[in-house]
Amino acid sequence: MSVLIKGGTVVTAEQSFRADVLCDGGKIQAIGKGLDAPKGAEIIDASSQYVMPGGIDPHTHMQLPFMGTVASEDFYSGTAAGLAGGTTMIIDFVIPNPQQNILEAYKQWREWAEKSVADYSFHVAITWWDDTVEKDMETLVKKHGVNSFKHFMAYKGAIMADDEILVNSFSKALQLGAIVTVHAENGDLVFRLQQEIYDMGITGPEGHPLSRPPPVEGEAANRAIRIAEVLGVPIYIVHNSCKQSLEAITRARNEGQRVFGEVLAGHLLIDDSVYRDPDFEVVAAHVMSPPFRAPEHQAALWHGLQSGNLQTTATDHCCFCADQKAAGKDDFRLIPNGTAGIENRLEVLWHHGVNTGRLTMNEFVAVTSTNAAQIFNIYPRKGSISVGADADIVVWDPEATKTISAKTHHQNIDYNIFEGMTVKGCASHTISQGNIVFADGKLNVERGAGNYVDRPAYASYYDALAKQAEQKKPTAVIRDALHTVKHA
Ligand code: URP
Ligand code: ZN
Ligand code: ZN
């Protein structure tokens with residue numbers, strides 16, 4: 001079945017222009033004025049609307065087993081909720097338990113994801129190290145289309161990667177042409193602060209943000225960046241929530257280092273006042289790491305996006321309902337960390353970004369879709385409106401308004417961190433793999449229709465980086481000096 005999107009304004013990361021878009025066989029077949037509809041084509045009237053690449057959420061955790069429970073949103077409901085908000089692809093995370101074979105874990109996540117209704121891919125977390133992990137990283141890159149490895153610098157005693165793991169994994173990733181990503185919080189500091197705060201008698205959820213102040217994040221971001229600098233590997237810092245980590249990224253970028261930064265819609269729009277609510281359920285619903293920050297950090301994060309020092313927006317969609325959060329009623333350290341947002345990311349960023357003049361429409365496309373596609377090497381197949389690209393498209397009505405609520409959202413969670421927020425500008429239609437999967441407020445999705453997306457390694461560019469890093473290493477400098485002395 002083909003779909004003709006007629007009379008809209010195409011908005012990409014580079015330009016905006018009036019054109020019809022014809023989709024067939026899952027791909028964009030033609031872009032131009034006055035395109036004829038093939039026989040039997042479905043036609044979308046997009047006049048007064050924008051036609052943009054579907055959103056890519058590069059950071060989600062569907063049905064994640066975590067902190068003694070499993071995230072309530074699975075790959076079916078989560079990708080469907082994404083489509084209802086114009087997000088047509090996710091990059092989720094395989095997170096092996098320490099000592100678990102990482103290929104086995106990868107296969108397990110692939111199986112879980114088979115029910116997805118939209119396309120998906122996986123970052124793979126390195127949570128421990130030995131020769132088999134090193135070998136399996138190679139297999140993942142060469143045979144399974146994985147080009148990014150994640151490292152949790154927090155969650156001590158569980159999935160935390162210490163410096164030794166970072167050094168080993170970062171070196172291997174460079175050799176393989178893969179990018180490294182980190183959750184930047186100093187896990188040892190968090191552990192110590194959690195204990196001290198709990199021992200002081202602060203056992204409620206307000207203890208969570210107290211145990212994870214901004215310097216804890218800034219230190220870890222800076223450390224990961226400097227390790228990546230010495231080894232010469234490009235690095236991507238997930239969910240930057242504060243000035244300190246943004247400063248570390250900005251500094252390194254100004255020095256020419258290949259560093260990328262992600263920010264969550266939640267961290268841009270919600271401040272730490274949520275932790276002062278007297279209701280346990282409300283505070284626990286906002287327990288995520290890093291936590292929501294004071295307003296000055298939000299202002300800095302918007303500037304980070306505007307300046308290009310932060311390139312992507314995500315949600316870290318990781319849903320736990322009130323009964324799951326209740327596990328930490330008497331001890332904040334046991335509240336499963338995570339909040340939702342995949343359905344609302346595009347609309348809250350449009351409303352607070354484009355409608356306020358903070359972002360142009362083209363910048364909006366860049367930070368919600370195109371930049372993620374480029375950084376994770378799936379552009380222009382994803383993140384673009386171009387002939388031959390996947391027909392993953394959102395038709396955007398800039399005049400439509402909506403008030404966000406857990407009562408009406410499609411996400412499988414009983415709370416919405418954007419509850420009561422009225423936004424202007426929403427998806428009127430979402431097209432995934434060339435099919436209309438969301439229209440007139442209704443989903444029409446097929447279980448299992450989502451495809452796994454291979455992400456190739458960045459081979460030749462990384463070879464150059466590896467050579468450059470080798471030349472700069474202290475060992476190389478000493479070798480050169482010795483050589484000079486010998487031949488003097
Ligand atoms: O609190 C969060 N962010 N939960 C999901 C796991 C992670 O750290 O990304
Ligand atoms: Zn994280
Ligand atoms: Zn996460």
Side-chain angles (χ1 to χ4, degrees), residues 56-73 78 82 90-97 109 120-127 148-161 166 180-187 190-191 194 205 207-209 211-212 214 216-218 220-221 224 235-242 245 261-268 270 272 274-275 283-293 312-321 324-325 327-328 332-342 345 372 376 411 413 415 417:
I56 298 172
D57 191 335
H59 189 156
T60 65
H61 301 280
M62 305 304 172
Q63 64 190 85
L64 173 69
F66 193 49
M67 296 184 74
T69 185
V70 178
S72 57
E73 185 90 279
I90 61 169
I91 312 182
D92 206 275
F93 293 83
V94 172
I95 307 183
N97 289 318
W109 256 267
Y120 55 93
S121 194
F122 286 111
H123 311 282
V124 176
I126 301 302
T127 54
S148 51
F149 292 98
K150 170 78 176 283
H151 307 79
F152 290 91
M153 298 171 79
Y155 306 122
K156 184 176 166 70
I159 53 176
M160 182 172 112
L166 298 187
V180 299
T181 82
V182 295
H183 166 135
E185 284 185 303
N186 182 316
V190 171
F191 187 77
Q194 282 180 327
H208 176 77
S211 66
R212 311 179 98 100
V216 164
E217 182 179 337
I235 184 169
Y236 176 98
I237 317 285
V238 308
H239 54 36
N240 290 279
S241 73
C242 64
S245 58
E262 167 193 283
V263 61
L264 306 183
H267 283 137
L268 284 165
I270 292 163
D272 59 351
V274 293
Y275 298 122
V283 180
H286 291 93
V287 165
M288 69 160 301
S289 298
F292 296 106
R293 304 293 193 190
T312 62
T313 59
T315 58
D316 198 1
H317 187 80
C318 187
C319 297
F320 299 107
C321 292
Q324 296 174 289
K325 295 272 185 180
F332 67 86
R333 296 171 297 184
L334 304 179
I335 301 171
N337 288 201
T339 55
I342 191 168
R345 178 178 62 123
F376 294 110
Q411 301 172 143
I413 181 170
Y415 195 87
I417 55 171

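Numbering of ligands and ligand atoms starts at 1, following listing order. Here the structure is a predicted model, which means the values were calculated and not measured.
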Novice: Which residue holds the protein heavy atom closest to atom 3 (N) of ligand 1, what is that atom called, and what is the gap in Å?
Specialist: Asp316 OD2, 2.6 Å
Novice: Answer side chain, backbone, both or neither: which part of Met288 comes under 4.0 Å from ligand 1, heavy atoms only.
Specialist: both
Novice: Scan His239, His183, Glu262 and name whichever one has a side-chain hydrogen bond (donor to acceptor under 3.5 Å, both in side chains) with His59.
Specialist: Glu262
Novice: If only atom types and distance count, is the side chain of His208 paired as donor or acceptor with the main-chain N or O of Met288 below 3.5 Å?
Specialist: yes
Novice: Counting only heavy atoms, which portion of Asn337 has something under 4.0 Å from ligand 1: side chain, backbone, both, or neither?
Specialist: both
Novice: Give the name of the N/O/S atom in His59 that lies closest to the Zn ion (ligand 3).
Specialist: NE2
Novice: Is it the case that the side chains of Arg293 and Ser241 hold a donor-acceptor pair, with the cut-off being a distance below 3.5 Å and no angle test?
Specialist: yes
Novice: Do Tyr236 and Thr312 pair up side chain to side chain, a donor and an acceptor below 3.5 Å, judged on atom types alone?
Specialist: yes
Novice: Can you name the closest pair of heavy atoms from Lys150 and Val238 and give their distance?
Specialist: CE-CG2, 4.0 Å
Novice: Nearest to atom 1 (O) of ligand 1, what protein heavy atom do you find, and at what distance?
Specialist: Ser289 N, 2.8 Å
Novice: In terms of residue, atom name and distance, what is the protein heavy atom nearest to atom 8 (O) of ligand 1?
Specialist: Tyr155 OH, 2.6 Å
Novice: For the Zn ion (ligand 3), find the closest N/O/S atom belonging to His61 and write down its atom name.
Specialist: NE2
Novice: Between Ser148 and His123, is there a side-chain donor-acceptor contact under 3.5 Å, judged purely by atom types and distance?
Specialist: yes
Novice: Looking at the Zn ion (ligand 3), which N/O/S atom of Asp316 is the nearest one?
Specialist: OD1
Novice: Does His183 put an N, O or S atom under 2.8 Å from the Zn ion (ligand 2)?
Specialist: yes
Novice: Any donor-acceptor pair under 3.5 Å linking the side chain of Gln194 with the backbone of Phe332?
Specialist: no
